[in-house]
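Proteins come first, then strands; the chains are lettered A, B, ... in the order of their sequence lines, and each starts at number 1. Here the structure is a predicted model, which means the values were calculated and not measured.
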Number of protein chains: 2
Amino acid sequence: MQLPASTYQPKTACSSCNLAELCLPTNLSEFETRKLDELSPLKRSFSRSDYLYRSGDKFRSLFAIHSGSFKTQILHEDGREQVTGFQMTGEIIGLDAISTDIHACEAVALESSVVCELPFNKLEALSREIPTLQRHLHKIMSREIVRDQGIMLLLGSMRAEERLAAFLLNLSQRFAARGLSTTQFELRMSRQEIGSYLGMKLETVSRTFSHFQSQGLISVKVRTIEIVNLPGLQACLNNSR
Amino acid sequence: MQLPASTYQPKTACSSCNLAELCLPTNLSEFETRKLDELSPLKRSFSRSDYLYRSGDKFRSLFAIHSGSFKTQILHEDGREQVTGFQMTGEIIGLDAISTDIHACEAVALESSVVCELPFNKLEALSREIPTLQRHLHKIMSREIVRDQGIMLLLGSMRAEERLAAFLLNLSQRFAARGLSTTQFELRMSRQEIGSYLGMKLETVSRTFSHFQSQGLISVKVRTIEIVNLPGLQACLNNSR
DNA sequence: CATCATTTTTGACATATATCAAACCCGTTT
DNA sequence: AAACGGGTTTGATATATGTCAAAAATGATG
């Protein structure tokens, strides 16, 4: 598991990494768009299980995932670790590090991935000049807060089945937003990682998958998931105890 | 529980609400400090169980707690609710609403409290002019993300005793930061609310308090807590299973 | 293709926490 | 002072999920 902190790639300016489309605001004037180019984000590539950053690293940049996916996790002194999120194309990671200028969690590639590095100083300077960008940045941070609180709800008040249903439905939605299939997808993470994220043991994750399958809600073939009965899965969520 | 959304008070400009000291950056130039006055935050008072805002309310302002304390919670369709935090003097609430311009959670006063209302538009405009303020705002948002992820760790991987120990130690620290006693304090929230926050039932909260007391770690008298053996309580946290 | 390491599934059993219920305590109202 | 009501404590029992262990499936490697 102790891999180099990052696979350093020759850095290339990232014109193809269309920021405006990916993750930054649309509706910018020509002038503003030109300004945005000053960011000249650099692309970096990562292989499965490479670290994008580690806990304790100095904070310099946010990262926009251009392709692939990552997990973020925090480590507790005693070795426990908690996966705090799975991020995919178009999502921004590193926001937690702004608070102390040190990365609080670590980000690990779940597959071959490319990220755009967005130097935070430049981003702040630009967002002083472009109010639309400023607002957008604030919304991204706020959205992360809302997301995290949603997970608190999940961890604090849902049973194993509900958690896993919520997880699958969330993935489904995010794939949909990217024009991918809502009902059929590949999990990029292990049962262990899902379990850490959802606050349950890997065996429970596996059993719950099997149970969903036997109910005809989904079809599981290791990491290939097909949602067979979407409304049924949604109903799982609303059946509180 | 259905109280008016807020107890509307005559609004008064808030010069005594020393923002710079409370929650906003120090090290501002004279000019910047003058600029900051443009915010002219208004003070509003709340009684116990008044709502500062409700889920669904339009977002206009952040709120700095001037005195007293609040809880924030999210509501799930099926009536479940999850307390997402307890906020005290000097802390900022409302950050989650930036993302959609609608408050995602609700904030309820736990005791008589006073807040400063910080209109977000003005805050954004000012932070474009004062980089120190801009960075400060970003840090506040990022700190909230880190805090939430800490709670994810707690909910996802700790046992009841560890959760409650972490909760007490966190309160203790925050009281310390305000010059109050680290070892003796009044809980402002019910067992039920603590339970919701920590993902456990109120009976389990109560039992765990009793257990800590029988171990000589704390002394509990309903809502009055005294930490008798601080290192012992800290040790609780590090004893993973 | 056989071997190996890793991940996943499944089973039997243990346990932490939830549930249900009753008693108790404390502050408030009559 | 007595009665009331909400919050808290404590007990007995139920249950969801964890733990430990083995087998099965999968993918990687020589």
Side-chain angles (χ1 to χ4, degrees), chain A residues 1-3 47-49 71 80 82-83 108 110-112 154-168 186-215 218-225 236 239-241, chain B residues 1-3 47-49 71 80 82-83 108 110-112 154-165 167 186-215 218-225 236 239-241:
Chain A
M1 267 290 192
Q2 284 296 95
L3 291 158
S47 314
R48 182 173 153 59
S49 80
K71 68 170 173 178
R80 258 181 293 206
Q82 170 75 31
V83 171
V108 183
L110 294 175
E111 61 189 310
S112 295
L154 178 144
L155 291 172
S157 67
M158 292 186 184
R159 299 182 299 104
E161 288 201 5
E162 301 176 295
R163 293 180 197 189
L164 196 61
F167 172 71
L168 289 175
E186 287 288 312
L187 299 176
R188 302 261 100 113
M189 66 295 281
S190 69
R191 300 290 187 260
Q192 157 80 283
E193 288 163 336
I194 297 172
S196 169
Y197 182 59
L198 298 178
M200 51 209 254
K201 293 290 153 180
L202 67 94
E203 293 95 329
T204 309
V205 174
S206 177
R207 271 184 243 277
T208 309
F209 271 135
S210 301
H211 186 217
F212 281 163
Q213 180 161 248
S214 74
Q215 289 179 294
I218 64 175
S219 146
V220 196
K221 212 178 184 183
V222 195
R223 298 208 179 178
T224 308
I225 302 286
C236 253
N239 294 341
S240 64
R241 20 184 152 196
Chain B
M1 269 290 191
Q2 282 298 94
L3 292 159
S47 314
R48 181 172 152 60
S49 80
K71 68 169 173 179
R80 258 181 294 204
Q82 170 75 31
V83 171
V108 183
L110 294 175
E111 61 187 310
S112 296
L154 179 144
L155 292 171
S157 67
M158 291 186 185
R159 298 180 299 104
E161 287 200 6
E162 300 175 296
R163 292 181 198 190
L164 196 61
F167 172 72
E186 287 288 312
L187 298 176
R188 301 262 101 112
M189 65 295 281
S190 69
R191 300 290 187 262
Q192 157 81 280
E193 288 164 335
I194 297 173
S196 168
Y197 182 59
L198 298 179
M200 52 209 253
K201 294 291 152 178
L202 68 94
E203 295 94 329
T204 309
V205 175
S206 176
R207 272 184 242 277
T208 310
F209 271 135
S210 302
H211 186 216
F212 281 162
Q213 179 160 251
S214 74
Q215 288 180 293
I218 65 175
S219 147
V220 196
K221 212 176 182 184
V222 194
R223 297 210 179 178
T224 307
I225 302 285
C236 252
N239 293 341
S240 65
R241 22 183 149 197

Backbone N/O of [Y] and side chain of [X]: donor-acceptor pair under 3.5 Å:
| X | Y | result |
| --- | --- | --- |
| A/S196 | A/V83 | yes |
| B/R191 | B/L202 | no |
| B/R163 | B/G199 | yes |

So, is [X] close to the [N] phosphate, meaning a side-chain N or O under 4.0 Å from OP1 or OP2?
| X | N | result |
| --- | --- | --- |
| B/S210 | D/dT10 | yes |
| B/R223 | D/dT8 | yes |
| A/R191 | C/dT9 | yes |
| A/T204 | D/dG18 | yes |

* Asked: Which nucleotide in the list D/dT10, D/dT26, C/dT10 gets nearest to the side chain of A/R207?
  ->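 Ranking D/dT10, D/dT26, C/dT10 by closest atom to the A/R207 side chain puts C/dT10 first.
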
* Can you tell me how far CZ of A/R80 sits from CD of B/E162, rounded to the nearest 0.5 angstrom? ->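 One finds 4.0 Å between CD of B/E162 and CZ of A/R80.
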
* To do: Drop me the distance from B/R207's CZ to B/T204's OG1, to the nearest 0.5 angstrom.
  =>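 Output value for this atom pair is 6.5 Å.
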
Atom-pair distance ([atom1] on [X]; [atom2] on [N]), nearest Å:
| X | N | atom1 | atom2 | result |
| --- | --- | --- | --- | --- |
| A/L202 | C/dT10 | CG | P | 13 Å |
| B/E203 | D/dT8 | CD | C1' | 10 Å |
| B/Q192 | D/dG5 | CD | C1' | 16 Å |

* Using a heavy-atom cut-off of under 4.0 Å over every strand shown, decide if B/G195 touches base, sugar-phosphate, or nothing. =>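 Answer is nothing: B/G195 stays at 4.0 Å or more from every strand.
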
* Asked: So what does A/S206 touch, heavy atoms closer than 4.0 Å: a base, only the sugar-phosphate, or nothing?
  ->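 Base contact.
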
* **Comparing A/K221 and A/V205 on DNA chain D - which has the more 5′ nearest nucleotide** =>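 This one resolves to A/V205.
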
* Degree of bending, the helix from C/dC1-D/dG30 to C/dT30-D/dA1 (end axes from five pairs; round to 10°) ->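 Here the local axes at opposite ends form an angle of 30°.
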
* C/dT17 base / A/R159 side chain donor-acceptor hit below 3.5 Å ->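 When only heavy-atom distances are counted, A/R159 does not reach the base of C/dT17 through any donor-acceptor pair under 3.5 Å.
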
* Close side-chain approach of B/S190 to B/E193, heavy-atom, < 4.5 Å ->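 Counting from C-beta outward, B/S190 and B/E193 do come under 4.5 Å.
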
